[in-house]
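Working notes, structure below.
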2 protein chains.
Amino acid sequence: MSDARPDATTEPPATPPPGARTTPADAPETAPPGTPREASVDVIQRELTAFARRARAAAARVHPEIPLVSYTLLAHIEERRGCRATDLAAHYLLDKSTVSRQLAGLEKLGLVERRPAPEDHRVQVLHPTEAGLAVLATAQANRLAAYQERLRDWSGEDLARFADYLLRYNAAGPEDLPASP
Amino acid sequence: MSDARPDATTEPPATPPPGARTTPADAPETAPPGTPREASVDVIQRELTAFARRARAAAARVHPEIPLVSYTLLAHIEERRGCRATDLAAHYLLDKSTVSRQLAGLEKLGLVERRPAPEDHRVQVLHPTEAGLAVLATAQANRLAAYQERLRDWSGEDLARFADYLLRYNAAGPEDLPASP
DNA sequence: AAAGAACCGTTGTACTATACAACCAAGATT
DNA sequence: AATCTTGGTTGTATAGTACAACGGTTCTTT
């Protein structure tokens, strides 16, 4: 309660927007049994958006150590031991230049290492350094812990299903992601 | 267009991860029935993160009309007819200055209107203009349509449950959101 | 009532993330 | 060889954001 925040902590509109909605969805706080598809989709849209929106704001707080979004890239590099910059760009829908600069930053911080590929002399194979792995490990641990905490009260079944839904949602590919600003 | 993203799903796993863990976008795994809590949480964490990351990238494509992230703010203003700038800042964990500038942009585009409050002369009550409402309606429609498309194959039950999970997840409040970098 | 604290919003400054375009270097095609 | 293609870097520009300092307001306290 640091500040006066009368309206809110949660995204779902306190008051169902009267009219002006394109859908009859009144954004129920908890989806009742007979929720029509449109309503559910609307809620999903809004909630995912809310998540994405807040995620950015919260990011800095979680690992201020890694000053960059490039934490993600580092994670990816680690995940598949050794990858090219282009892979990262493709995977995250980023421009080559962006990735290039991010990597430059990571390298300057001593978190990644680039090695020329023996075969193709154009590519550089990226590897996390020791420091990179360490940073990554703690960051990951922190984040996972935070999620564990947040999801503490959930039943195992719900967790599994939620995870499943998310996988399914994301599996559709990044192309047409209609998400939040 | 020589995009940097020919495909995000086809990138060759330069070195396939030895473990069971793959990247969501590459290998949509399905959470097996007996998934332990930790695994589920891990998946949830990763998938939500992935979503957040991609969301930003996709944002511009969806509504290029509204050049700003401020679409969100506009939506919020509309949602609760009339609100103050500080509310927005608090709600989205943004700095006052950021909100101020975003609003300036929206105003310059003729999408919002600020009126001094009769009572308190410090505050300005924000209202969407006609144009603002229109823009918002179409943007919302587009986005919803995109989601509908993406979720086309889902059963009504799954949609309802997914929506429910998201609500539940987000309801915990923005404070400790441990999300993606 | 005067002084001070608290609040709302703007402006100055700075930095990150990002895109697009132009470019260079190394392979691949013809 | 000449030309396309691909991987990466650099130049330039633009959002979005934060932090700090500030000028008005309103509320509290003396």
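Residue numbers start from 1 in every chain, and the chains themselves are labelled A, B, ... in the order their sequence lines are given, proteins ahead of strands. What you see below is based on every heavy atom in this structure, not just the backbone, and it leaves out hydrogens, waters and symmetry mates.
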Residues two or more places apart in sequence or in another chain: which of them pass side-chain hydrogen bond (donor to acceptor under 3.5 Å, both in side chains) with B/R115? B/E113
Whole-Å distance separating the [atom1] atom of [X] from the [atom2] atom of [N]:
X      : N      : atom1 : atom2 : result
B/L93  : D/dG16 : CG    : C1'   : 15 Å
B/L88  : D/dA18 : CG    : P     : 13 Å
A/D87  : D/dT6  : CG    : P     : 14 Å
A/R115 : D/dG7  : CZ    : P     : 20 Å
A/K108 : C/dT16 : NZ    : C1'   : 13 Å
B/R84  : D/dT25 : CZ    : P     : 17 Å
B/L94  : C/dG9  : CG    : C1'   : 15 Å

Kindly say if [X] contacts the phosphate of [N], meaning a side-chain N or O under 4.0 Å from OP1 or OP2.
X      : N      : result
B/S100 : C/dT10 : yes
A/T98  : C/dA19 : yes
A/Q102 : C/dT16 : no
B/R101 : C/dT11 : no

Under 3.5 Å, is there any donor-acceptor pair linking the side chain of [X] to the base of [N]?
X      : N      : value
A/R114 : D/dT9  : no
A/S97  : C/dC20 : yes
A/K96  : D/dG7  : no

Non-hydrogen side-chain atoms of A/H91 and A/L88 separated by less than 4.5 Å: no
Any side-chain heavy atom of A/Q45 within less than 4.5 Å of one from B/Q148? no
In this structure, would B/V99 and B/V123 fall into the same cluster of hydrophobic residues linked by side-chain contacts under 4.5 Å? no
Nearest heavy atoms of B/T129 and B/G110, plus distance in Å: OG1-O, 2.6 Å
Trace of the salt bridge (charged side-chain N to carboxylate O under 4.0 Å, His left out) decision for B/R168 with A/D158: CA-CA 11 Å; B/R168 190 169 158 196; A/D158 281 345; 3.1 Å; yes
Write down the protein N/O and nucleotide N/O pairs, taken from nucleotides 24-29 of chain C, whose separation is under 3.5 Å; answer none if there are no such pairs.
residue: C/dG27; atom: OP1; partner: A/H121; partner atom: N; Å: 2.9

For A/D164, is there an ion pair with A/R161 - N to carboxylate O distance below 4.0 angstrom? no
Among D/dA18, C/dT10, C/dA19, which is the nearest nucleotide to the side chain of B/D95? D/dA18
